[in-house]
Amino acid sequence: HQDGLQLYKSAFHRIIRHNPELCSYPSPDKLIRLKLESQVATLNCDLRDAREQVATLNCELRDARKQIEALKREAEELNSNKRLKIGAK
């Protein structure tokens, strides 16, 4: 356990030594850039979700149109059968 902790501390120290900006306070420009990058990432996620919703709605619309066509054919068939019965009397 102690060896793992020491290994972790050594790795952490190396990372900080080679990347001092990790411990420095971000500049106002960097803060703005980070905030904008976060907003862009959020908007990209929202866009992806919206595209998935559009795809789902397009599938539902296609299915609804198929159902409407089937109902129209059924109504035409019923009307045709009704006319045949009336004509047979």
Side-chain angles (χ1 to χ4, degrees):
H1 177 71
Q2 196 66 8
D3 291 338
L5 183 58
Q6 185 57 40
L7 183 64
Y8 172 77
K9 286 180 178 180
S10 295
F12 185 70
H13 179 70
R14 269 194 315 279
I15 290 169
I16 298 304
R17 189 176 65 232
H18 295 296
N19 301 285
E21 71 276 3
L22 292 176
C23 290
S24 63
Y25 187 77
S27 68
D29 290 344
K30 186 172 184 178
L31 285 175
I32 291 170
R33 184 177 54 82
L34 291 173
K35 186 182 282 189
L36 290 174
E37 286 174 355
S38 175
Q39 289 175 346
V40 167
T42 300
L43 290 172
N44 282 333
C45 287
D46 292 347
L47 179 60
R48 186 180 64 244
D49 291 345
R51 285 181 174 156
E52 289 173 2
Q53 287 179 330
V54 167
T56 299
L57 291 171
N58 280 333
C59 288
E60 291 176 6
L61 180 60
R62 186 182 64 241
D63 291 345
R65 286 179 175 156
K66 287 179 184 178
Q67 289 177 341
I68 289 170
E69 288 304 314
L71 289 171
K72 283 181 181 177
R73 285 192 299 275
E74 187 177 329
E76 288 172 4
E77 187 177 316
L78 289 172
N79 284 335
S80 176
N81 289 342
K82 189 176 180 181
R83 275 187 243 124
L84 289 175
K85 285 181 184 177
I86 290 173
K89 287 185 181 182

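Only heavy atoms go into these numbers, but all of them, side chains included; no hydrogens, no water, no symmetry mates. Since the model is a prediction, treat every value here as computed from it, not as a measurement.
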Does any pair with a residue in residues 35-48 pass side chain to side chain donor-acceptor pair (under 3.5 Å), and if so which ones, sequence neighbours excluded?
-> R33-E37

Kindly write out the residues that satisfy side chain to side chain contact (heavy atoms under 4.5 Å, CB included) with N19, not counting sequence neighbours, or none if the list is empty.
-> I15, E21, L22

Which pairs, with at least one residue in residues 58-74 and sequence neighbours excluded, count as a salt bridge (charged side-chain N to carboxylate O under 4.0 Å, His left out)?
-> E69-K72

Listed by chain and number, what are the side chain to side chain contact (heavy atoms under 4.5 Å, CB included) partners of K82, not counting sequence neighbours?
-> I86

Tracing side-chain links under 4.5 Å among I, L, V, M, F, W and Y, which residues wind up in one group with I32?
-> L36

Identify, with sequence neighbours excluded, every residue that meets side chain to side chain contact (heavy atoms under 4.5 Å, CB included) alongside R14.
-> S10, A11, R17, H18

